[in-house]
Structures are given as C-alpha cells and as structure tokens.
Amino acid sequence: MALIPKKILEEYKNLVAELNQHNHHYYVLDNPSVPDSEYDRQMRKLQEVEVSHPDIVTEDSPTQRVGGMALQSFSQITHGLPMLSLDNAFSDAELQDFERKVKDRLNQTADIEYVCEPKLDGAAVSILYRDGVLVYGATRGDGNIGEDITANVRTIKSVPLKLQGHNIPHLLEVRGEIYLPKVGFDALNEAARAVGGKTFVNPRNAAAGSLRQLDSKVTASRPLEMCAYSVGQYQAESTPTTHQDMLQALCGWGFKLNDYVETVTGVDACADYYQRLAKRRNKLPYDIDGIVYKVNELALQERLGFVAKAPRWAIARKFPAQEEMTQLLGVEFQVGRTGAITPVARLDPVFVGGVTVSNATLHNRDEIQRLGVRIGDVVIIRRAGDVIPQIAKVVLEKRPLDAEVIVFPERCPVCQSSVQRNTGEVVARCSGGLFCGAQIKEAIKHFASRKAMDIDGLGDKLVELMVDKAIIFSVADLYELDESRLVGLERMAEKSVANLVAAIDVSKETTLAKFLYALGIREVGEATAQTLANNFGAIEMIAQSSVEELLEIDDIGPVVARHIANFFRNPDNLSIIEALRNAGVKWPDIDLLSQGAQPLKGQTWVLTGGMQVMSRAEAKDALQALGAKVASSVSAKTSQVVAGPGAGSKLTKAEKLGIAVMDEAELMAFLSAQP
Ligand code: IVH
C-alpha cells in the first residue's frame with residue numbers, strides 16, 4: 001500500500017464524514033444542510049483524492065454507492081432470527097378481536113400502548129451492522145433464508161454505510177422496508193413506455209425488481225428509499241425497553257423512520273389512527289397498504305411470543321386493495337382538445353381503490369401494443385389514489401379463445417379526418433383541427449372552465465349540446481349567443497338562459513394570464529400562462545415573439561416555445577382573439593415597469609389550511625402576480641408557507657424544515673404593503 005501523507009488522510013476522512021452528514025440531511029431528514037453546488041464541490045474533491053490515492057478509499061465513502069461489477073447470481077444468507085410476517089385484520093371488529101386476545105394472554109384489563117406505523121408497500125430487508133459498519137443486506141426470502149443483496153442495498157442513499165451517533169451496538173440487524181416513492185415509480189414506467197419496454201405493475205414490484213438486479217448500477221439508478229421499522233439480532237451494552245425507544249435509537253444511528261409513526265393507548269385510538277391515515281393515503285408520496293400496530297413494551301412482546309410465522313404482539317390492518325381483476329369489454333377512442341386520440345378501456349365494473357371502476361385509460365397505440373391486450377381479456381386494474389385507473393397487466397392464462405385484436409382507427413371517430421402521428425411523438429392526432437366537433441367541444445369546455453374564463457353554468461353537457469345543435473362553432477360565438485335558440489334546450493328554461501348570458505358577460509373582465517390559459521395553447525398550463533403574462537405584460541408582445549425570445553424566459557422550454565409561436569402564427573387563432581376582444585373581453589395589461597423587480601420572483605410559496613377573508617384562488621393570483629410560484633407541497637425549496645385553520649402535515653413539515661410560516665392576517669398585511 002502506497003504511503004499516504006497524514007494530512008491527506010485527515011482531509012479525506014473529514015470529507016467522507018462531512019459528505020455522509022450531508023447525505024443524511026438530504027435523504028433521511030429531507031432537509032438539505034448545504035446547497036447542491038457545495039455538495040458537488042466536496043464530492044469532486046473527494047473523487048480527486050480517491051483518484052490520486054486509490055488505496056485510500058474506505059467502504060463508507062459516498063463514491064461507493066454508485067454500484068459495482070455485475071454479479072453472476074445472488075448468494076444466500078441465513079437469517080440469524082427468522083423474518084416473520086404479520087397477521088391481517090380487515091375490519092375494526094377483527095382489530096378488537098386482536099386486542100382482546102392480547103389482553104387475555106397478558107391477563108390485563110388496563111389499556112395497552114401500541115405503536116402505529118404505516119405499512120409501507122415495498123420489499124422487506126434485513127441489514128446487518130457489526131461495530132457500526134454495514135456487513136450485509138438480505139431479502140426476506142422464505143423468512144429463514146434470503147438473498148445477499150448487499151451491493152444493491154449499499155446504493156440506497158437512506159441506508160447508512162456506517163452508523164452515526166453514540167452507543168453503537170456491537171451487533172445490529174435492522175429490519176425495514178425498501179420502497180420506491182410514487183414519483184419514482186411513475187418516472188420509471190414513463191421511461192419504459194417511451195421505449196416500448198416492460199412496465200411495473202406497482203411500486204412494490206418495482207422496488208422488489210430493482211433490489212433483485214444482478215447489476216447494482218441499475219439499482220443505483222432507481223430512487224429507492226429505506227425506512228427502518230424494527231430490529232432483529234442485537235448485541236449492545238444497553239437495550240431499550242420499548243419499541244418506540246428502539247425506533248428512536250435507530251433514528252439516532254442514522255436511519256430514516258416513517259414520518260407518521262405514533263404511539264397511542266387503547267384499541268379505539270388505533271382505529272382513530274387508521275381513519276386519519278386512510279384519509280391521507282392518496283396524498284402520501286409512497287404507497288401504503290395498511291397500518292401495523294405493535295405492542296410497545298418489549299417485555300410484553302416477549303411474553304406474547306409468536307404463533308406459526310407471525311408475532312402475537314403485532315397485527316396489520318389492511319386498506320382496500322388498489323388492484324383487482326376484471327374483463328375488458330371494449331375500447332372507445334376519445335378525441336381531446338388538441339386532437340389527441342386516447343383509447344379508453346370499457347371494463348366490467350369492479351370495486352378497486354375504494355370506488356367502482358368501469359373505464360381505464362389505455363394512453364395510446366403503443367400502450368395497447370406494449371400490454372398486448374385484446375378485447376375480452378382478463379386484466380389487472382390498478383387505481384392508486386385519485387390517479388386515473390390503469391390496466392397494469394393482461395392475465396394471459398385467462399385469455400378467451402375469441403379475444404379480439406384492438407384496431408387503432410385510421411380516421412377520426414368524430415369528424416372522419418385522417419389520424420396522423422408526428423415522428424417522435426407517441427400520440428396520434430385527428431388532423432381535423434377546428435373542423436372536428438370533438439376538438440371544438442373540448443376547446444370550449446376548457447375556455448369556460450373555472451381556472452380559465454370561469455363561466456358559471458356552462459357545463460360540459462351544455463357545451464356538447466350547443467355544438468351538436470350548431471348554436472356555437474368557436475369560443476368567440478359564446479359572446480354573440482342567440483338566446484332564443486338556447487331556450488328549450490335540455491334543462492334550459494328562460495331563467496337559466498338569462499343566468500348563463502349574465503355569466504358570460506361577467507367573464508369578459510379577466511386577467512391576461514387567465515385569458516392566455518383559456519386559449520388552450522398546447523402545453524401552456526396555468527403556471528406558464530402566468531409566467532408569460534408577467535414577462536411580456538401584453539398579448540401583442542407574446543404574439544410577436546420568436547421562439548428564441550420565448551426561450552429567454554425561465555421555465556419556458558423549446559417544446560412549449562414552439563407551441564406558443566405556432567399558435568400565434570395561425571391566422572384562425574388570431575381572428576378568434578380579435579373577435580373575443582371586439583366582443584368586449586378585456587384585461588388590464590401588466591405595467592412591467594411599475595411591476596418593479598417582482599419581489600417574490602424565484603420564491604416558492606405554499607398555501608395550506610382554511611382561508612377566511614380571501615379565497616385561496618385570490619391569494620394564489622396575488623402571489624403569482626408578485627412573481628412567486630405557488631406549489632402544492634412543502635419541500636426544502638419552499639420559501640414561505642401560509643397556514644390557516646386546520647393546516648395539517650404541510651405545516652408540520654414546514655416547521656420541521658424550519659420554513660417561515662405566516663397566517664392569513666400576515667399575508668394580507670404583506671400584500672397590502674406591496675406597491
Ligand atoms: S413489522 C414481526 N412494520 O409488511 C414483524 N412490517 O408481513 C414483521 N411492512 O413484508 C414486520 N411496513 O416488510 C412491519 N411498519 C412495518 C411495516 C412492515 C411494511 C411489511 C414487511 C413485510 C410485511 C409483513
């Protein structure tokens with residue numbers, strides 16, 4: 001081994017320790033301690049030292065998380081203590097049953113303390129540390145023998161390579177769940193779809209699949225996380241007396257714990273926790289499939305012991321399933337606002353994710369091919385949260401003999417124009433433009449929607465009727481309505497017609513951002529419309545801009561810039577804008593000079609909880625007009641949170657991250673102080 005100067009060795013050790021601390025703050029505490037640029041600088045420095053002194057590299061160096069040589073196969077690891085599973089309770093009654101048995105066995109009438117934990121839906125892992133250094137990571141396998149996935153586990157940033165803090169046990173086997181957050185899962189499947197590759201059915205399969213890669217570089221590329229939830233083998237000077245204390249100790253040694261772990265007393269409090277988490281389930285950034293309740297006192301756990309493969313001191317209360325099987329009855333092709341043709345699956349209705357599902361999106365032609373799905377097939381439907389139900393997989397073994405191949409239409413099902421597919425785009429589009437009834441209808445619905453021109457009483461059904469009956473042909477016609485033709489339309493009495501006409505009249509007073517959004521330019525959502533308005537001030541300025549000029553604006557990329565420029569080059573669009581303005585649609589132009597330096601430019605604000613004086617939409621408009629981005633979730637990048645009554649986890653997270661919080665009164669004072 002080449003002799004390494006003491007000074008360099010010292011510097012190296014410090015760098016490793018510091019970078020591991022930064023990692024811990026970033027991946028475990030969700031609270032970065034230094035800007036990314038500083039992290040990158042230190043990481044480069046570390047790499048330089050390691051390149052010039054290859055012998056210096058220690059196992060806990062953050063450079064060792066990128067994955068190494070691919071394995072031929074996994075070897076086996078016998079668990080020192082078996083990895084058990086959990087009994088399930090599917091109702092409150094079954095949970096009460098569990099509690100009764102616990103009390104009977106302990107001969108106790110007093111209420112019992114339970115630790116409530118979300119049941120993370122990933123893959124169980126056992127990670128062994130000897131004197132604070134990671135020795136191996138293993139899958140659960142059959143509970144007795146698992147696979148050695150050390151190389152893969154080492155790539156997961158929330159897994160400490162070396163324990164931190166005090167009282168490090170001589171031997172510590174940490175058990176926990178490795179999971180893939182929802183965004184990571186969506187991105188992975190999105191990427192697979194883009195190349196016609198195989199997608200994962202759910203985040204659990206994706207996590208398990210990522211962990212079983214022989215090439216750890218593949219695992220390193222997946223944004224997996226690990227939460228610790230218990231301890232297996234353990235040898236130390238002192239032993240905690242409760243599960244909660246054990247979790248706290250794990251936290252101190254550098255492990256990530258789930259944010260929602262709570263200790264409660266009695267089974268009613270357990271049921272209450274279930275209700276609270278059930279409400280949150282869809283909003284959590286990762287999948288959970290239930291709640292795990294664990295008796296808190298370790299001495300009581302020991303007295304209760306095990307039965308077969310599950311402990312008597314814990315139980316899992318399951319949530320409704322998010323995947324079910326059903327049959328594909330047919331496929332319809334819908335035409336969207338921009339002509340995009342979306343195949344929609346008609347399903348034999350099935351109860352999944354808490355609702356009855358009878359339609360699912362099939363995305364596009366490639367998706368049909370990728371799934372290899374046919375009409376009549378039995379399919380697995382997945383509905384996670386508020387997400388549109390998807391066909392996750394075809395159950396090929398159940399394919400009926402007469403299953404029919406799905407034929408993608410060559411002509412638009414609504415206007416018969418040809419269907420085109422641009423090179424490089426997966427979406428097929430109707431080429432009919434505003435000749436296509438479907439596109440006209442969708443454009444008008446979007447124009448009238450709440451965040452656009454906000455025309456009260458102009459619902460989807462009414463728009464469809466008005467287009468079908470040739471009462472309107474474009475958004476401009478709304479402002480020239482022939483009222484006599486409306487009376488007598490389904491549910492349109494004279495009073496409703498008068499109300500509608502009044503609402504259309506009110507909508508004429510708008511803002512530039514809302515008007516731009518209402519136009520339905522491809523890829524221009526609310527935020528981009530606001531950015532355009534803030535940067536250009538007047539619609540003429542946007543209409544005259546070249547792609548290059550548009551690209552100078554932050555947040556405007558090449559695709560959206562091209563869509564904007566194309567939109568304003570189209571004479572039909574310009575004449576519609578002109579007709580709307582002639583009909584009296586107006587907005588105040590933004591005086592870019594008096595707007596000053598946009599005091600909130602670069603800041604991200606989050607509104608949470610109730611508001612009493614302003615509406616949330618008004619507050620959002622006011623903040624955006626000052627240049628702020630208004631986001632829906634709190635992260636380390638959040639500049640300011642406005643919290644009203646009933647604010648929940650967003651407020652807690654903001655407090656944890658030390659982000660400034662103000663209430664509505666303070667927001668009002670702040671806004672009125674702006675010029
Ligand atoms: S405790 C003996 N706690 O659920 C105790 N398990 O069958 C065994 N899981 O695949 C596990 N979140 O990986 C426990 N907070 C949690 C959990 C959890 C998810 C998984 C576990 C296993 C299954 C239990």
Under the salt bridge (charged side-chain N to carboxylate O under 4.0 Å, His left out) definition, can you give me all pairs with a residue in [range], not counting sequence neighbours?
range: residues 163-184; value: Glu173-Arg175
range: residues 227-238; value: none
range: residues 389-399; value: Asp377-Arg399
range: residues 185-210; value: Asp121-Arg204, Glu190-Arg193, Arg193-Glu367

Val352 vs Pro389 side-chain heavy atoms within contact, under 4.5 Å: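 Counting from C-beta outward, Val352 and Pro389 never come under 4.5 Å.
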
Any heavy-atom pair between the side chains of Leu180 and Pro223 that's under 4.5 Å?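 Sidechains of Leu180 and Pro223: in contact.
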
For [X] and [Y], indicate whether the former's side chain and the latter's backbone hold a donor-acceptor pair under 3.5 Å.
X: Ser61; Y: Val57; answer: no
X: Arg222; Y: Ala207; answer: no
X: Thr361; Y: His363; answer: yes
X: Arg382; Y: Gln390; answer: no
X: Arg317; Y: Ile291; answer: no
X: Ser639; Y: Thr604; answer: yes
X: Arg365; Y: Phe408; answer: no
X: Ser85; Y: Ala310; answer: no

Quick one about [Y] and [X] (side-chain donor to acceptor, distance below 3.5 Å, no hydrogens or angles considered), yes or no?
X: Ser216; Y: Arg154; result: no
X: Tyr12; Y: Glu50; result: yes
X: Tyr26; Y: Asp36; result: no
X: Thr219; Y: Asn152; result: yes
X: Glu48; Y: His53; result: no
X: Glu323; Y: Asn202; result: yes

Leu347 to Ile381 - nearest heavy-atom pair and separation: CD1-CD1, 3.5 Å

Locate the shortest heavy-atom distance separating Thr58 from Gln64; write the atom from each residue and the value.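 The pair with the smallest heavy-atom distance is O-CG, 3.6 Å.
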
Calculate, to the nearest 0.5 Å, the distance between atoms [atom1] and [atom2] belonging to [X] and [Y] respectively.
X: Lys318; Y: Leu86; atom1: NZ; atom2: CG; answer: 9.0 Å
X: Tyr129; Y: Leu134; atom1: OH; atom2: CG; answer: 4.5 Å
X: Ile178; Y: Ser210; atom1: CD1; atom2: OG; answer: 10.0 Å
X: Leu46; Y: Asn14; atom1: CG; atom2: CG; answer: 11.5 Å

Cut-off 3.5 Å, no hydrogens considered: what does the side-chain donor-acceptor table look like for residues 68-80, sequence neighbours left out?
unit_1: His79; atom_1: NE2; unit_2: Thr139; atom_2: O; d: 3.1
unit_1: His79; atom_1: NE2; unit_2: Arg140; atom_2: O; d: 3.2

Please list, chain by chain and in numerical order, all residues satisfying ring-ring contact (aromatic ring centres under 6.0 Å, His included) with Tyr229, sequence neighbours excluded. none

What residues, two or more places apart in sequence or in another chain, satisfy ring-ring contact (aromatic ring centres under 6.0 Å, His included) together with Tyr136?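 Here no residue qualifies.
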
Sort and list the pairs that fulfil side chain to side chain donor-acceptor pair (under 3.5 Å) and have at least one residue in residues 246-256, not counting sequence neighbours. none

Lys13: partners by salt bridge (Lys or Arg N to Asp or Glu O under 4.0 Å), with sequence neighbours left out: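 In terms of salt bridge (Lys or Arg N to Asp or Glu O under 4.0 Å), with neighbours along the sequence ignored, Lys13 is linked to no residue.
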
Are any of the side-chain nitrogens in Asp287 or Lys119 under 4.0 Å away from the carboxylate oxygens of its partner? no

Is Arg522 paired with Glu425 through a side-chain N to carboxylate O contact shorter than 4.0 Å? yes

Per-pair distances, 0.1 Å, donor-acceptor, side chain in residues 158-167, under 3.5 Å, sequence neighbours excluded:
unit_1: Ser158; atom_1: OG; unit_2: Met226; atom_2: N; d: 3.0
unit_1: Gln164; atom_1: OE1; unit_2: Gln21; atom_2: NE2; d: 3.3

For Glu225, give me all partners under side chain to side chain donor-acceptor pair (under 3.5 Å), at least two apart in sequence or on another chain.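 With neighbours one apart ignored, the set is Tyr179.
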
How would you list, by chain and number, every residue that makes a side-chain contact (heavy atoms from CB on, under 4.5 Å) with Gln42, sequence neighbours excluded? Leu15, Glu18, Leu19, His22, Glu38

Using the salt bridge (charged side-chain N to carboxylate O under 4.0 Å, His left out) rule, take Asp366 and Arg421 through it: C-alpha gap first, then chi angles, then the decisive distance, then the call. CA-CA 12 Å; Asp366 288 0; Arg421 190 169 151 169; 3.3 Å; yes

More than 12 foreign heavy atoms under 6.0 Å from CZ of Arg130: is that the case here?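 No, CZ of Arg130 has 12 or fewer neighbouring heavy atoms, counting only those of other groups under 6.0 Å.
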
